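Here the structure is a predicted model, which is why all the values come from computation and not from measurement.
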Amino acid sequence: MATKPPAADIDESLVRVTRPKKVAVGVPAVLHALQIANEQMGVTRSAQTLLRVNQKDGFDCPGCAWPEEDKRHIAEFCENGAKAVAEEATLRRVGPEFFAEHSLDELRAHDDWWLGQQGRLTHPMVLEEGATHYRPISWDDVLALVADELRGLDDPDQAVFYTSGRTSNEAAFLYQLLVRGLGTNNLPDCSNMCHESSGSALTETIGIGKGTVSIDDIHETDLLIVAGQNPGTNHPRMLSALEKAKQRGATIIAVNPLPEAGLLRFENPQTVRGVAFGGTQLADGFVQIRLGGDQALFQAIGKHLLEAEDAAGGVLDHEFIAAHTSGFEAYRQAMNDASWPDLVAATGIPEDALRRVGEAVRTSKATIVCWAMGLTQHKHSVATLRDVVNVLLLQGNIGRAGAGVCPVRGHSNVQGDRTVGIYEKPAEAFLAALDREFAFTAPRAHGFDTVEAIRAMRDGRVRVFVGMGGNFVSATPDTAVVEAGMANVGLTVHVSTKLNRSHVVTGRRALILPTLGRTDRDRRAGADGTVREQRVTVEDSMGAVHSSRGRLAPPSDDLLSEVAIVARLCELVFGERGDAGAPAPSAGTTSTDRGLPEHGAVEPERPDPTGVRHPRNVPHADWAALESDYALIRAHIQRVIPGFDDYEQRIDKGRTLHLPNGPRDARTFATPDGRARFTVNPLEYPVIPPGRLLLQTLRSHDQYNTTIYGKDDRYRGIHGGRRVVLVNAHDIDALGFAEGDTVDLVSEWAGPGGAVEERRADAFRVVAYSTPRGNAAAYYPETNVLVPLDSVADVSGTPTSKSVVVRLERRRDAG
Ligand SMILES: Nc1nc2c(c(=O)[nH]1)N[C@H]1C(S)=C(S)[C@@H](COP(=O)(O)OP(=O)(O)OC[C@H]3O[C@@H](n4cnc5c(=O)[nH]c(N)nc54)[C@H](O)[C@@H]3O)O[C@H]1N2
Ligand SMILES: Nc1nc2c(c(=O)[nH]1)N[C@H]1C(S)=C(S)[C@@H](COP(=O)(O)OP(=O)(O)OC[C@H]3O[C@@H](n4cnc5c(=O)[nH]c(N)nc54)[C@H](O)[C@@H]3O)O[C@H]1N2
Ligand SMILES: [Mo]
């Protein structure tokens with residue numbers, strides 16, 4: 001069974017543990033990246049490729065969503081960006097012979113690392129019901145099969161369309177149009193498991209679900225709080241920006257249960273100084289907070305600021321509060337009532353230390369709070385982030401230089417995908433614009449997010465699952481439930497670059513549609529036969545959109561881009577220009593009988609802008625033209641989504657299009673009362689039952705989400721294995737274990753009826769590590785099996801991957 005750890009990975013006696021590193025990056029990092037790149041790509045291709053990352057005429061690094069600096073280094077890449085590129089630009093191939101050689105059962109027995117190591121997918125493949133092996137299939141046949149299946153649904157809500165955040169704006173926009181044209185908003189995405197809590201909290205409080213700072217603000221700030229984020233591993237280019245801020249006199253405070261290397265000291269491989277003089281000390285303060293204690297920390301800061309204001313004044317920005325906010329008095333009252341002992345209990349930080357953080361904020365002229373998964377993957381994440389906003393509003397730290405909120409996104413285009421419509425709860429204004437542009441009526445009912453999609457799969461309500469990138473089976477919580485749910489689906493379809501677990505844990509029938517990645521050259525032939533090289537666009541974590549163009553020969557001539565795959569599906573499902581495709585309706589059948597969408601009160605015939613009359617409620621566009629010229633897709637985006645005026649010109653020659661951001665640009669807030677909102681959020685924090693630990697599931701230095709590059713976690717001193725659990729030495733002792741013991745992790749979750757459900761992950765080696773008492777850490781995705789499907793954040797529905805109650809159990813078979 002796929003949920004069992006593959007045998008090759010389980011001998012954790014092989015793991016070596018050394019002292020964690022205090023310095024991030026530097027020469028060893030560059031050497032390690034080059035070694036991986038050379039293994040995967042060879043020396044010449046490595047040099048060619050790495051020099052093009054994030055250059056103005058090059059491709060956007062698929063690694064993370066941290067923005068590029070305006071002045072780019074010759075090699076604007078980091079160790080982990082280089083690994084992400086090497087993973088994609090590898091010379092290894094997974095073609096029909098590979099699938100003939102390896103049965104599904106055999107592939108299932110391998111771990112994610114092995115699957116990913118096999119190379120790039122090169123041919124469309126089909127797994128027929130009951131078959132033991134995938135076999136090759138032509139593009140025409142495979143796309144016809146998908147289109148038939150989609151048109152044959154009784155109800156479009158029986159299909160689920162997942163997106164992972166590497167998909168370009170162009171592909172994502174077309175994809176959401178396909179989905180809405182079918183008649184559903186079932187568009188779950190990786191964001192649901194990632195920054196959804198940020199989007200929820202920021203939209204409610206400041207009226208936009210995005211951050212409000214630019215890279216210049218980071219450089220110019222006075223105080224940076226980096227909470228719940230490990231940039232040394234996950235956003236290494238951010239360290240250069242932190243270094244610059246630091247050199248200009250900023251104070252940096254790291255808030256984390258773990259002393260992460262990159263936050264403590266940084267050697268910049270791109271400056272001689274960085275390497276020669278032992279690096280810059282980045283964080284001035286390290287708050288070793290308990291898991292889930294951040295809401296309390298920000299309440300403590302707010303309380304401290306309000307007390308200081310009462311004592312001597314001069315702390316709050318009264319003008320800003322009066323002109324731009326609402327709800328201040330209620331917030332002030334709530335902080336007045338907050339109790340220091342509670343705030344201390346929740347954070348594990350003494351009152352005087354909490355007040356010192358408060359003082360740093362009080363005396364700061366401009367403050368930015370950056371965060372990532374440590375703040376978004378808890379039950380009370382939305383409340384926590386509302387309290388972050390409260391603190392910033394007190395001093396007017398939104399919409400001025402060097403100040404603001406900075407959720408640091410993960411996938412390189414996850415923010416762009418949401419901007420162009422990958423969302424299960426689309427806004428009415430967006431849908432109305434879509435309706436006008438494509439002469440149809442998009443469905444209004446909300447669709448499934450990731451967790452709801454899994455529930456529907458579990459309950460047998462999903463007939464077709466499409467994954468636009470990503471690795472749904474491994475990335476989602478409650479692996480056993482997801483695997484069983486997948487098996488309930490009639491057809492699973494994955495548009496992918498690399499082999500992963502979702503290709504081997506499938507629906508009754510399964511398809512693999514191989515596609516181009518960021519680094520691949522994308523040439524499309526137009527109607528006139530001329531072949532043009534295409535570019536795509538992506539949006540970084542700070543709302544800056546720029547173009548990306550791959551330059552490498554694709555892994556096979558037989559690959560279609562994501563855009564081409566979706567455009568062809570649109571044509572097959574909706575017909576050329578939206579008027580052919582399906583057989584003409586015979587008398588007496590409704591569009592639903594024919595498996596065609598029927599939603600809302602749609603007129604049976606509606607004119608389209610070209611004057612042609614169309615019988616059905618489907619979007620109308622020249623799909624073939626869109627496939628052969630992506631600029632035409634951008635023209636549609638420009639007409640549907642505000643802020644993309646002159647899209648084409650503004651991304652030309654490596655230029656950047658900065659999307660409008662009301663709070664940042666003009667202190668305008670698109671909330672119901674037009675003001676930024678102070679909110680009152682009752683304090684929450686996890687209470688750990690006796691004899692149990694609270695487990696966070698996190699990334700090692702050698703992985704990109706479910707893609708495992710290797711089995712080391714260099715900065716944390718773990719080598720040669722991933723099944724380790726990091727525990728405070730006193731807890732190891734108190735629980736009756738010893739360092740090096742092998743244990744099972746058993747999660748405990750009180751289900752709906754109150755009965756405690758248990759989930760088990762086998763064979764982890766216990767490692768003593770600096771983490772607060774009661775807290776533990778282990779790697780994702782091996783531990784996803786422990787995260788209960790119903791354990792999600794309030795409001796945002798994000799799985800609580802940083803907050804899983806576990807007990808350690810000695811392995812029964814251990815000697
Ligand atoms: N190389 C590489 N780069 C990546 C990725 C990758 O896998 N590899 N993934 C990409 C993606 S999709 C994302 S979303 C980002 C993820 O970037 P991160 O959020 O940095 O990723 P995690 O490894 O989940 O790390 C969570 C951090 O928060 C801390 N933390 C956990 N719980 C708490 C808490 O309750 N409070 C506080 N204050 N801290 C806490 C952890 O100790 C850890 O340092 O990185 C992106 N970039
Ligand atoms: N327990 C736990 N679970 C988590 C998290 C956690 O911290 N803890 N983090 C969550 C987070 S933040 C995220 S973002 C999700 C990530 O969830 P996903 O985005 O679903 O997972 P990835 O591992 O990033 O997906 C990798 C796969 O994407 C495909 N791929 C790569 N590049 C491309 C491309 O350009 N096009 C296409 N079509 N396919 C491509 C490859 O086939 C590769 O195998 O996981 C979440 N799950
Ligand atoms: Mo993410």
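- In this model, a donor atom of one side chain and an acceptor atom of the other lie less than 3.5 Å apart for N413 and N169.
- Rounding to the nearest 0.5 Å gives a distance of 11.0 Å between CG of L385 and CG of N390.
- Annotation: side chain of L297 is in contact with side chain of L354 (closest heavy-atom distance under 4.5 Å).
- For the salt bridge (Lys or Arg N to Asp or Glu O under 4.0 Å) condition, the pairs that include at least one residue of residues 368-381, sequence neighbours left out, are K379-E684, K379-D794.
- Of the possible donor and acceptor atoms, none in the side chain of N192 sits under 3.5 Å from a partner among the backbone N and O of D449.
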| Stepwise salt bridge (Lys or Arg N to Asp or Glu O under 4.0 Å) check, K246 with D284 | CA-CA 10 Å; K246 187 82 212 166; D284 304 273; 2.5 Å; yes
| field | Steps toward salt bridge (Lys or Arg N to Asp or Glu O under 4.0 Å) verdict (E359, R355) | value | CA-CA 6 Å; E359 269 304 282; R355 285 188 182 276; over 6 Å; no
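- The pair R400-E220 fails the salt-bridge criterion, with no side-chain N (NZ, NE, NH1 or NH2) lying under 4.0 Å from an Asp/Glu carboxylate O.
- Side chains of S791 and T800: a donor on one and an acceptor on the other come within 3.5 Å.
- Under 4.0 Å is where a charged nitrogen must lie from a carboxylate oxygen, and between E309 and R332 no such pair does.
- Proximity of M373 to N234: side-chain heavy atoms (C-beta onward) are nowhere separated by under 4.5 Å.
- Looking at L291 and P772, their side chains never come closer than 4.5 Å, going by heavy atoms from C-beta outward.
- In this structure the side chain of Y780 never reaches within 4.5 angstrom of the side chain of K802, judged on heavy atoms.
- Aromatic ring orientation, Y715 versus H701: tilted (interplanar angle from 30° to 60°).
- Cation-pi geometry between R166 and Y704 is met: the NZ or CZ atom falls under 6.0 Å from the ring centre, inside 45° of the normal.
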